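Owing to the predicted nature of the structure, the values given are computational and were not obtained by experimental measurement. Below, all heavy atoms of this structure are taken into account, side chains as well, without hydrogens, waters or symmetry copies.
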Amino acid sequence: MRAQIDQQLRKSLADFAAEHEVDDSIDLNPQLERTRDPRHGDFTTNIALRLAKPLGRPPRELAAELADLIPESSLIADVNVAGPGFINLSMSADAYRGELVDIIEAGESYGRSTWGANRRVIVEYVSANPTGPLHVGHGRLAAYGASVANLLRATGHDVHEEYYVNDAGRQMDILTVSVWLRYLQTLGENIEFPEAAYRGDYIHSIARQLHAQWEDRLARFDRTSLLRILADPPSSDDVLLDRIIATVRHGLGDTGFSVIFNAARYSVLDDIREDLAEFGVRPNNWYSERSLADGGALERALKRLNERDRLYVRDGAVWFKATEYGDDKDRVVVRENGATTYFASDIAYHYEKRTRGYELLLDIMGADHHGYVSRVRAALQAMGEPGESLEVRLVQFVALYRGEKKVQMSTRAGEFVTLRQLREEVGNDAARFFYVSRSYDQPLDFDLELAKAQSNDNPVYYVQYAHARVASLLKKMVSEGFSLTPASRSDLRCLTESAEKELLVSLSRYPEVIQLAAVNRAPTHVAQFLRTLAASFHSYYNAHRVLVSDDSLRNARVALACGVQQVLRNGLTLLGVSAPESM
RNA sequence: GCCCCGAUAGCUCAGCCGGAUAGAGCGUCCGCCUCCUAAGCGGAAGGUCAGAGGUUCGAAUCCUCUUCGGGGCGCCA
């Protein structure tokens, strides 16, 4: 609906510009907004106010002239000038009836648009290290990222969703030795398990699997030096872990080490994959960090930087000249010991995404990554890619509450609430909805009691209930012997109650909400909208009977209810929340 | 020290690209099931939009400073 009005308005403005020979430098794009107060009509534009100064004319006079240029149509019932120079537009009842017909005809595609023009977007999200199960913080990234991807698809983008697997580097080595030490304990070896190693229960379970498959064959080497290190550990956790890694790697050899490594990697990744899938989050691709080195992408990226003279050597390390692109300091890409840094992988990965043909690289990550944004963008620019091709959305943290009480978590000790536990406790629907109910750039207090509450306190059930009510209405209709005759356009003329008008207005806003949510990467707008729509429907449902004996009125009201149900379902689907037929 | 995010009703939060009288839920108080699901609805009370300047016809919204909170800074990932 808005799109149609917008088009008419633009045409009128073009006519105006031609007639008055308006200079090209003047911005003629109209801001067309919904009014907050119904007395101001349905839509309003401030274009006259904005043009008043550059054209040197009083705003109200300008508004009056522009208002006259807006052509008569079946959509617009009234145009008038108000306040300091707003042009207010009132839509005809017929326009709203037409919108309801559109909703029912378009069905699940109502609200979709082609605005994105098939622009190729790669959305990278979650990308948690495969060193343990996902926790509640990752859940927010998953729910948010998946919904943003859905919104972009709904607005006509060509979307690819990807999970970047950090399966290279020291953290994976630590995971590997953590598993191996637990495996030793399974064999009956009495060792002191290091504080700084991974301590979660899942480590034990991987170790037990290894034991079942390999018996003691992964421990057949001289372990005296290892036992000596464990018995008398150095004061630094990092030094201790590095020594253990070196010793175990030496003892097992590369093949033996990689048996443990792979067992750990696959076990953890399978768990993450299954967890996300059950949560309705299914990335198109899982991109391995190791494959960047193995496939030569890492080397190619560094070579490209070097060719462009953006690298130099200092203190035995290779540095990237990030300061030339506004970063605070230059950054190391190859360490003194010859190992490439995580940042080097990041550079290669992002460059590789560009070479795969993605126009926009949309990264969704935890707020703790904010330091990386400027340097990754710097690297892209240094390789000749546009800085705007990288867009990063930093998602703030999640604090869990059980009612008033904060749930304490410690990742290191393996004492944290996993995403799986959360989903089992509150359900997927409530979790998905809660995660996107707050704006991504705000910290989220996730109240487990509220998310579980099967009451009107819980916005998820509130919205789902509205959907289920319509379903039950349709069943009731059949059981009472009414025929399911689709409402005709003239039947819809029976929708004269103010609550019905309010619902129709609310429904017609849906495509605008999707557009806005996609532009701002803000699924929260959808959640907000659904609550409002559900509220209007519950209110209407309480005040007016749908299954009345008058055929036309009944058919019209059923059509309205079906329109509400369709829009609720479409919105919930974008958020990954189910739309139940009964509750 | 530098950087990012924030401060709106008792509480939790909306408020789009600056727009007309700042909204919702919870909580409190008063009501509504012989009636399509009461997981619902109606009503009442509740505000110096942290503070001070600035830009503008117009500021909760944009800019600057101050105060108070949360987070981040690595040859870790």
Side-chain angles (χ1 to χ4, degrees), chain A residues 29 31-37 39-40 44-46 49-50 52-53 58-59 82-86 88 128-129 131 166 168-172 174 238 289 314-319 328-329 331-337 339-343 345-346 366-374 394 396-397 399 404 437-439 441-443 445 447 450 453-462 464-466 468-477 479-480 512-513 515-517 519-520 522 524-525 527-528 531-532 534-535 537-548 557-558 561 582-583:
Chain A
N29 284 310
Q31 283 178 22
L32 182 64
E33 296 174 349
R34 291 277 175 170
T35 57
R36 219 179 302 176
D37 186 333
R39 282 173 297 181
H40 298 139
T44 186
T45 179
N46 63 359
L49 287 161
R50 290 198 323 171
K53 187 171 261 187
F86 293 105
N88 293 338
N129 289 344
T131 52
N166 291 121
R170 185 161 170 273
Q171 292 304 317
M172 290 303 287
I174 297 173
D238 284 336
E289 181 186 354
R314 191 180 77 203
D315 304 333
V318 181
W319 298 70
D328 308 344
K329 50 193 274 193
R331 307 288 171 175
V332 171
V333 288
V334 184
R335 273 182 273 165
E336 197 179 353
N337 66 9
T340 52
T341 59
Y342 175 88
F343 175 49
S345 295
D346 252 8
D368 53 331
H369 285 75
H370 97 87
Y372 283 85
V373 180
S374 56
L394 298 172
Q396 296 294 320
F397 292 112
E404 296 287 297
S437 64
R438 280 212 70 178
S439 179
D441 59 355
Q442 302 286 340
D445 290 337
D447 184 345
L450 181 57
Q454 307 235 330
S455 72
N456 53 354
D457 298 355
N458 191 330
V460 192
Y461 292 113
Y462 185 77
Q464 288 183 320
Y465 181 46
R469 270 189 149 170
V470 179
S472 118
L473 195 60
L474 296 176
K475 273 179 227 144
K476 183 87 180 174
M477 191 169 154
S479 72
E480 292 199 355
E512 295 156 42
V513 170
Q515 175 80 8
L516 181 72
V519 170
N520 292 340
T524 184
H525 290 318
Q528 211 79 34
R531 293 173 71 166
T532 309
F537 181 71
H538 285 310
S539 174
Y540 171 66
Y541 190 86
N542 250 267
H544 304 282
R545 201 175 166 78
V546 175
L547 298 180
V548 293
R557 287 185 171 173
V558 167
S582 67
M583 297 184 69

Stem ranges for RNA chain B, with three or more consecutive Watson-Crick or G-U pairs under 3.5 Å? B:1-7 with B:67-73, B:10-13 with B:23-26, B:28-32 with B:40-44, B:50-54 with B:62-66

Inter-nucleotide C1' distance (B/C17, B/G42), Å rounded: 37 Å

With a 4.0 Å cut-off on heavy atoms, is A/S472 in touch with a base, just the backbone sugar-phosphate, or nothing at all? base

Closest to the side chain of A/Q442, out of B/G71, B/C76, B/A14, is B/A14

Whole-Å C1' distance, B/G18 and B/A60: 10 Å

Using atom OH of A/Y342 as one end and atom P of B/C76 as the other, report the distance to the nearest whole Å. 14 Å

Just checking A/S582: base, sugar-phosphate only, or nothing, at a heavy-atom cut-off of under 4.0 Å? base

P spacing across the pair B/C29 / B/C3, given as an integer number of angstrom: 50 Å

Sticking with atom C1', work out how far B/C4 lies from B/A39, rounded to a whole angstrom. 40 Å

A/V519: side-chain contact (heavy atoms from CB on, under 4.5 Å) partners, not counting sequence neighbours: A/W115, A/Q515

Can you tell me how far C1' of B/U34 sits from CZ of A/R545, to the nearest Å? 13 Å

Between B/C36 and A/N542, is there an OP1 or OP2 to side-chain N/O distance shorter than 4.0 Å? no

Among residues at least two apart in sequence or on other chains, which ones pass side-chain contact (heavy atoms from CB on, under 4.5 Å) with A/S439? A/D441, A/Q442, A/T524

Do side-chain atoms of A/N458 reach the backbone of A/V460 as a donor and acceptor pair under 3.5 angstrom? yes

Could you report the tightest heavy-atom contact between A/Y462 and A/H538, atom names first, then the distance? O-NE2, 3.1 Å

Separation of atom CG in A/D346 from atom C1' in B/C75, rounded to whole Å: 15 Å

Indicate for each nucleotide in nucleotides 18-24 of chain B, in 5' to 3' sequence, whether protein heavy atoms under 4.0 Å reach the base (B), only the sugar-phosphate (S), or nothing (-). -BBB---

What's the gap between B/A7 and B/U66 when it is taken at their C1' atoms, as a whole Å value? 14 Å

Could you tell me whether A/A168 contacts a base, only the sugar-phosphate backbone, or nothing, with contacts defined as non-hydrogen atoms closer than 4.0 Å? sugar-phosphate

Given B/G74, is OP1 or OP2 found less than 4.0 Å from the side-chain N or O atoms of A/R331? yes

Distance check, P atoms only: B/C16 and B/A52, in whole angstrom units. 22 Å

Can you name the nearest heavy-atom pair linking A/S582 to A/K475, along with the distance? CB-NZ, 4.4 Å

Backbone N/O of A/T341 and side chain of A/R335: donor-acceptor pair under 3.5 Å: no

Could you work out which one of B/C76, B/C36, B/C75 sits closest to the side chain of A/R170? B/C76

Consider only side-chain N and O atoms of A/T131 and A/Q171, and report whether a donor and an acceptor are under 3.5 Å apart. no

Would you mind telling me which of B/C36, B/C3, B/C75 lies closest to the side-chain atoms of A/K329? B/C75

B/C33: syn or anti, per glycosidic angle within 90° of 0: syn

With sequence neighbours excluded, residues passing side-chain contact (heavy atoms from CB on, under 4.5 Å) with A/T44: A/E33, A/T35, A/F86, A/N88

Measure from the side-chain heavy atoms of A/K476 and tell me the nearest of B/C36, B/C5, B/C75. B/C36

Nearest of B/C36, B/G42, B/A39 to any side-chain atom of A/S539? B/G42

If we take the P atom in both B/G74 and B/C49, what is their distance in whole Å? 40 Å

With a non-hydrogen cut-off below 4.0 angstrom, is A/N520 in contact with a base, only sugar-phosphate, or nothing? sugar-phosphate

Distance below 4.0 Å between A/R438 side-chain N/O and B/C13 OP1 or OP2: yes

Taking only residues two or more places apart in sequence, or in another chain, which ones meet A/N542 in a side-chain contact (heavy atoms from CB on, under 4.5 Å)? A/R469

A/Y541 has an atom OH; how far is it from atom P of B/C35, in whole Å? 12 Å

Can you name the nearest heavy-atom pair linking A/L474 to A/V558, along with the distance? CD2-CG1, 3.8 Å

Report yes if a side-chain nitrogen or oxygen of A/T341 is closer than 4.0 Å to either non-bridging phosphate oxygen (OP1 or OP2) of B/C76; otherwise report no. no

Would you kindly compare A/L473 and A/A534 by the position of their nearest RNA chain B nucleotide and give the one closer to the 5′ end? A/L473

With rounding to the closest Å, how many angstrom separate the C1' atoms on B/U55 and B/U61? 13 Å

Determine the minimum heavy-atom distance between A/A367 and A/Q396, stating which atoms define it. CB-NE2, 3.6 Å

Looking only at B/C36, B/A14, B/C16, the nucleotide nearest the A/L547 side chain is B/C36

For A/A317, answer base if it contacts any base atom (sugar-phosphate contacts may also be present), sugar-phosphate if it contacts only those atoms, and nothing otherwise; contact means non-hydrogen atoms under 4.0 Å. base

Separation of B/C36 P from A/H538 NE2 (nearest whole Å): 16 Å

Take the protein atom CZ of A/R335 and the nucleotide atom P of B/G74, then report the distance between them rounded to whole Å. 14 Å

Smallest heavy-atom separation, A/T45 atom then A/Q31 atom, equals OG1-O, 2.8 Å

B/G6 P sits how many Å from A/Q396 CD, rounded? 8 Å

Across the strands shown, which category fits A/H370 at heavy-atom distances under 4.0 angstrom: base, sugar-phosphate, nothing? base

What is the separation between atom CZ on A/R34 and atom C1' on B/C17, rounded to the nearest whole Å? 16 Å

Here's a test of your reading of the structure: between A/F397 and A/Y540, which maps to the more 5' nucleotide of RNA chain B? A/Y540

Where A/F343 and A/V332 come nearest, the two heavy atoms and their spacing: CD2-O, 3.9 Å

Phosphate contact (B/C41 OP1 or OP2) by A/Y462 side-chain N/O below 4.0 Å: yes

